[in-house]
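Atoms considered below: every heavy atom in the structure, side chains included; atoms not considered: hydrogens, waters and symmetry mates.
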Amino acid sequence: MITNIVIALIIMLTVGLVVSVRVVNQVERGVVFRFGKAQREIRPPGLTFLIPVVDRMKKVNIQIVTMPVPTQEGITRDNVSVEVDAVAYFRVEEPMRAAIAVQNYLFAIEQVAQTSLRSIIGKSDLDDLLSNREELNKGLALMIDSPALGWGIHIDRVEIKDVHLPEGMKRSIARQAEAERERRARVITADGEFQAAQRLADASAIMNQAPGALQLRLLQTMVEVAAEKTSTLVMPVPVELLRFFERSANSAPVAQDTEQPTGSSEGEPERQPAVTSSATPELGPSGRSFERAAAESATENGASRTP
């Protein structure tokens, strides 16, 4: 019994010295180096057996790595000093190349991203950095992906996070935006005035063809003003109405000249109606002159005062 136990222990020690067991996680791939030479077979997740002292395995993570690119200061093509930061997303597609072609692929990608970001800043205008980031992101991803392909790394996407501007440039952009808004407001106001003038011209042409439309419009205006409950209503009088009154006044004296008196007293001579050249009819009393009426009134008053 004791002999069997000793033999089993010897066998286990021998197997342990001959074969080494390692575990590869699901998110990793194993690259085995045997006597310093990389083996073609990539070890999948699970248990993997290595020969002690002979084999050495390097694990490579194949998850997507999110790498923030530090803030880079540069001068744009239109000579504006800006600070730009970004973020890069990449993953390892070929573990063999990532383990052999580059010493530290994380550090290498970070340096390439920084230099590419500086290059993009120098080739772009400020307006592109602020409003056309989609195209800049595509160009930045292409610049980083070119050397990364040789390292077995694929760049999923690169995005510019923020653009830091100097305070003076921020004020200038604010003034520019305010001037642009003011220009649009003036253009819209002028366009509205132009359209209103066109409508008024069309309305005046219609009223010229139909004069009654002007009177209807005047009455409508009066109704609208009366609805405001104002104490004073100023009503404009049309020129045509004044001309009608003038024609009526001129025709009244002509009608009086054509009339003949029916009778008169025997002692008094026949009086002829006075014809005046004024356009308005005479306002004095008919039959007697104003002076004679005043004299008779004075005589009667004197007689009544005497005892």
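- Here CG of Asn25 is found 9.0 Å from CG of Asn61. Values are rounded to the nearest 0.5 Å.
- From Met169, atom CE reaches atom CD of Gln176 across 9.5 Å, with rounding to the nearest 0.5 Å.
- Partner of Val158 under the side-chain contact (heavy atoms from CB on, under 4.5 Å) criterion, out of Asp145, Ile120, Ile144: Ile144 alone.
- Counting only heavy atoms from C-beta outward, the side chains of Thr76 and Asp125 never approach each other to under 4.5 Å.
- The residue from Lys59, Arg29, Lys58, Arg43 that alone fulfils the side-chain contact (heavy atoms from CB on, under 4.5 Å) condition with Pro95 is Arg29.
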### Task
Start with the C-alpha gap between Glu93 and Arg91, add the side-chain angles, then the distance that decides, and say whether salt bridge (Lys or Arg N to Asp or Glu O under 4.0 Å) holds.
CA-CA 6 Å; Glu93 285 190 341; Arg91 58 188 175 87; 3.4 Å; yes
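- Taking hydrophobic clusters as Ile, Leu, Val, Met, Phe, Trp and Tyr residues chained together by side-chain heavy-atom distances below 4.5 Å, Val102 shares a cluster with Ile109.
- The line from CD of Glu167 to NZ of Lys170 is 4.5 Å long, rounded to the nearest 0.5 Å.
- The hydrophobic cluster containing Val80 also contains Leu129, counting ILVMFWY residues as joined when their side-chain heavy atoms lie under 4.5 angstrom apart, directly or transitively.
- Legend: residues meeting side chain to side chain contact (heavy atoms under 4.5 Å, CB included) with Asn79, ordered by chain and number and at least two apart, are Ile75.
- When all heavy atoms of Val69 and Ala113 are compared, the closest pair comes out as CG2-CB, 3.7 Å.
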### Message
Apply salt bridge (Lys or Arg N to Asp or Glu O under 4.0 Å) to residues Arg183 and Glu180 and explain how you reach the verdict.
### Response
CA-CA 5 Å; Arg183 182 188 68 84; Glu180 179 66 21; 2.5 Å; yes
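- In this structure, Leu106 is a member of the same hydrophobic cluster as Ile100, with clusters built from ILVMFWY side-chain heavy atoms closer than 4.5 Å.
- Here the side chains of Thr66 and Val87 are in contact, with some heavy-atom distance below 4.5 Å.
- Distance CZ/Arg77 to CD1/Ile121: 14.0 Å, rounded to 0.5 Å.
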